[in-house]
Amino acid sequence: MSALHRLITALAPLVPALRTLAPRPVSAAERLAAFPTSGLPLSCPVDIRWNGHQIPFVEAETDGDLAVALGLVHAHLRGGQIALMKRVAQGRLSEIAGPVARDIDHALRILDYSHAADTVIDRMPQDSRAFAEAFVTGVNAYHALERAPPPEFALLGLRHEPYTLRDMWSIGRLAGSDINWVAYFGLLRDRGTPGFAEAWARTLKAGANAVTSFASDGQQAALATLLTATGRTGSNSVAVAASHSATGGAMIASDPHLALSLPNLWVVAGMRSPGYHMAGLMVPGMPFVAVGRSLHLAWGGTNMRAASSDLYDVKALPEADIASRETVIRTRFWRSARRKVRRTRFGPIISDAKVARSRPGDTIALRWIGHEATDEVTALLRAGRATTPEDFRAALAGFGVSAQNMLVAGANGRIGQIMAATLPVRTRFPPADPVLDAGDPETHWHGLVDAPALPWIADPPDGVLATANNRPTDTALPVGFFFSADERVRRLYSLLRSKDRLTPEDLAALQADTVSPDSGALARRLVEAIRGAGIGSDQAAFLDRLAGWDGDYATGSTGAPAFEALLHHLVPRVYGAETIDAMPRLMVQWNAITAFLADDLAALAPDRRRQVLAEAVGLAAIDAGPIPSWGEMHRMRVAHILANLPLLGRFFVFGDYPTGGSRETPMKTAHGLVRGRHNATYGSMARHVADMSDPDSSWVTLFGGQDGWLGSEGLTDQIPLWRERRSIRLPLRPETVAREFPTLIRLSPR
């Protein structure tokens with residue numbers, strides 16, 4: 001959705017739709033009254049029970065009816081969001097925003113999220129295809145019967161279109177976009193510039209960290225070595241075995257990290273039918289539970305930041321090897337535009353997109369696992385029916401994007417970690433240059449490997465597992481190089497191992513932890529350097545704030561603002577730049593700062609080091625002086641995505657409050673190098689905890705709420721819970737569901 005965030009700021013021409021800017025408040029009762037209950041494409045009646053936060057539990061006599069009802073629920077709660085995601089995935093934002101979106105649309109059409117959709121759909125097993133088709137039927141049935149479209153339709157000029165399996169696949173591929181592209185596309189223009197080779201080498205060194213989630217099994221490592229010989233990067237999740245649990249059951253806790261805007265990018269649901277009995281977090285428009293639990297297993301995961309893509313220099317390819325077509329970009333308020341889309345056997349030519357910002361003359365293609373015929377829908381539907389870690393791993397065969405470190409916790413007390421990914425077999429890795437030579441056969445992919453052939457672990461000796469976008473394990477098969485910094489996973493393991501027996505409350509507290517060990521260590525080294533250089537005597541109060549800080553980004557921390565202001569001014573000066581924006585992107589990544597800043601500062605000539613420190617301390621003291629605490633500096637804005645509209649955005653801001661956390665704390669609320677008041681824009685935006693000792697012991701909270709309807713009380717009703725670290729129970733026992741989900745609507749067949 002990052003392209004949407006960049007684009008939405010250009011929607012000023014939509015002023016005439018002012019009547020939709022402040023939609024009237026809508027109660028939960030009114031929203032449920034709008035749900036169609038008769039004339040539906042069902043074979044039997046279906047019951048949907050709702051709790052006070054508009055979370056549904058669907059009870060159906062057949063799996064097909066369950067799928068239809070889930071489609072109805074998704075359309076009811078997130079119809080506007082699904083419509084917008086579909087247009088993003090198809091590169092149709094110009095139909096909403098006008099000509100300012102054409103370059104983004106061109107890039108999206110080059111990425112071609114639906115490239116493999118028809119092949120995948122044709123190959124789907126009958127059971128999963130039938131379930132997916134029934135879900136699509138439910139979405140379309142809702143829109144055919146709804147009283148009025150979502151409020152934002154009038155503002156954005158949207159009309160309902162039939163939802164299809166192809167649309168589902170496009171949205172799924174959009175959600176599975178390779179997180180490494182952000183870094184890749186930022187590198188294209190810098191290639192060949194002075195210092196780029198060193199910056200790239202440092203990136204590889206910082207990303208190839210030593211901390212892994214589990215130790216690789218010898219036989220599995222040997223298999224990976226054999227595969228290599230024959231051919232050639234947000235979230236937290238922890239699992240606790242029954243042996244380490246105070247409740248006697250295995251436990252799991254997951255908190256996905258995504259954009260902090262409304263509506264939330266997850267929708268919560270429970271369900272029971274002959275084939276499915278589970279509850280958890282679903283992607284709007286998709287028919288599976290991605291994070292949740294059944295009677296047998298609970299599961300969650302984190303983005304593996306796997307190297308699922310390669311860039312290729314294809315300028316030497318003969319013209320006959322490049323397929324070219326013209327695409328028409330229909331444009332609101334303006335005439336249509338025609339753009340060229342080119343594709344090679346190494347993937348689409350992304351350098352044709354202006355937003356890729358490559359160097360003049362470059363012809364660069366992107367090969368991505370998401371353009372292969374992998375089937376995530378089938379994999380996750382089958383995973384929801386798995387009963388053991390082994391079953392869960394087998395179910396993930398064919399899962400491609402985005403690659404996930406999946407954790408499982410079983411009702412029998414066991415836990416495990418599975419690499420849910422399809423990865424290419426490469427000869428050389430990591431690359432000396434991020435753009436490979438398409439003419440060199442050793443740079444080509446030599447087959448694909450998926451979950452059943454990748455390393456995994458079950459029943460670790462100490463009874464705990466944690467993953468936080470770190471390198472999953474040691475393996476000879478190339479996995480990735482843009483992994484997250486180590487500190488989150490180290491902090492998670494430290495907290496997990498701090499007690500002999502853990503409770504669900506301990507896991508909930510872990511999700512709210514705001515400590516960054518590496519920030520505290522770096523602050524101490526910088527204080528030593530400042531005092532060692534004999535400066536800062538006139539900034540005693542500032543240095544006392546910094547020296548007394550332990551790396552905790554709690555809301556009331558006085559040291560965190562001092563540390564962040566110092567980094568903002570120090571980092572560019574150490575590397576000879578005037579501002580942060582003037583630095584190479586690779587050098588301002590948190591991995592690189594924690595790995596190299598203190599040593600690079602120490603390597604400066606004494607006079608230069610003293611000058612750099614004096615300037616940075618003086619400016620940081622001015623910036624941090626009037627800011628008493630981290631919460632005053634670091635804010636959480638509660639806002640709809642339309643809050644990014646110029647002039648009109650204020651109509652879609654619902655609150656602003658101080659928040660703790662930082663870029664790499666377990667409670668992630670990410671930010672850049674900042675020196676003043678700012679908003680967190682990315683981080684923890686859903687929480688899930690499950691205790692397998694009891695089918696009713698599962699809890700969830702969303703940043704915002706469940707209902708995406710503008711004006712609905714369910715859009716923001718979970719914000720108080722989020723701030724107070726409270727949660728909503730998701731039971732599985734029918735009698736508990738009936739008690740805690742008291743509002744019943746019965747759906748009738750045609």
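If you're wondering where the values come from, they're calculated on a predicted model, not measured in any experiment.
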- Note on the structure: In this structure, OG1 of Thr331 is separated from CD1 of Ile96 (nearest 0.5 Å) by 12.0 Å
- Please round to the nearest 0.5 Å and tell me the distance separating atom CG of Leu260 and atom CG of Asn679. 10.0 Å
- Message: I'd like to know if the side chain of Arg382 reaches the main chain of Leu396, judged simply by a donor and an acceptor atom lying under 3.5 Å from each other, with no hydrogens or angles considered.
- Response: no
- Message: Donor-acceptor check, side chain of Arg102 to backbone of Ile329, threshold 3.5 angstrom: yes or no?
- Response: no
- Between Leu262 and Phe703, does a side-chain contact (heavy atoms from CB on, under 4.5 Å) hold up when you go through it step by step? CA-CA 8 Å; Leu262 306 183; Phe703 174 77; 4.2 Å; yes
- Query: Has the side chain of Ser684 got a donor or acceptor atom that lies under 3.5 Å from a matching backbone atom of Lys668?
  - Reply: yes
- Got a second to check how far Ser309's OG is from His371's NE2, nearest 0.5 Å? 8.5 Å
- Task: Please indicate whether Arg330 has more than 12 foreign heavy atoms, meaning atoms of other residues, nucleotides or ligands, lying under 6.0 Å from its CZ.
- Result: no
- Is the backbone of Leu702 close enough, under 3.5 Å, to the side chain of Gln718 for a donor and an acceptor to pair up by distance? yes
- Item | Proximity of Phe481 and Phe429 rings by center, below 6.0 Å | yes
- Non-hydrogen atoms of Ala290 and Trp266 that approach each other most closely: CB-CZ3, 3.6 Å
- Has the side chain of Glu146 got a donor or acceptor atom that lies under 3.5 Å from a matching backbone atom of His76? no
- Inter-residue atom distance Ile349.CD1 - Ile110.CD1, 0.5 Å rounding: 9.0 Å
- Distance in Å, Met286 CE paired with Ile82 CD1, rounded so as to fall on 0.5 Å steps: 10.5 Å
- Hey, is the main chain of Asn469 close enough, under 3.5 Å, to the side chain of Asn303 for a donor-acceptor pair? no
- Note on the structure: Heavy-atom closest pair (Val289 atom, Gly280 atom, distance to 0.1 Å) is CG1-CA, 3.9 Å
- Under 3.5 Å donor-acceptor, His106 side chain and Ala353 backbone: no
- Query: Within the distance-only criterion (no hydrogens, no angle test), does the side chain of Trp200 pair as donor or acceptor with the backbone N or O of Pro431 below 3.5 angstrom?
  - Reply: yes
- Message: I want to know whether Phe153 and His160 have ring centres closer than 6.0 Å.
- Response: yes
- Please walk me through it: do Leu156 and Leu642 pass side-chain contact (heavy atoms from CB on, under 4.5 Å)? CA-CA 10 Å; Leu156 301 179; Leu642 296 179; 4.2 Å; yes
- Query: Do Thr344 and Arg367 meet the criterion of a side-chain donor-acceptor pair at a distance under 3.5 Å?
  - Reply: no
- Query: Under 6.0 Å between ring centres, would you say that holds for His640 and Phe651?
  - Reply: no
- Pairwise distance OG1(Thr669) to NE2(His257) - rounded to 0.5 angstrom: 9.5 Å
- Check: Gln706 side chain, Val267 main-chain N or O, donor-acceptor pair, under 3.5 Å: no
- Message: Enumerate the salt bridge (charged side-chain N to carboxylate O under 4.0 Å, His left out) contacts for residues 78-91, please, sequence neighbours excluded, ordered by first and then second residue.
- Response: Lys86-Glu161, Lys86-Asp167, Arg87-Glu161
- Item | Between His143 and Tyr163, ring centroids under 6.0 Å | no
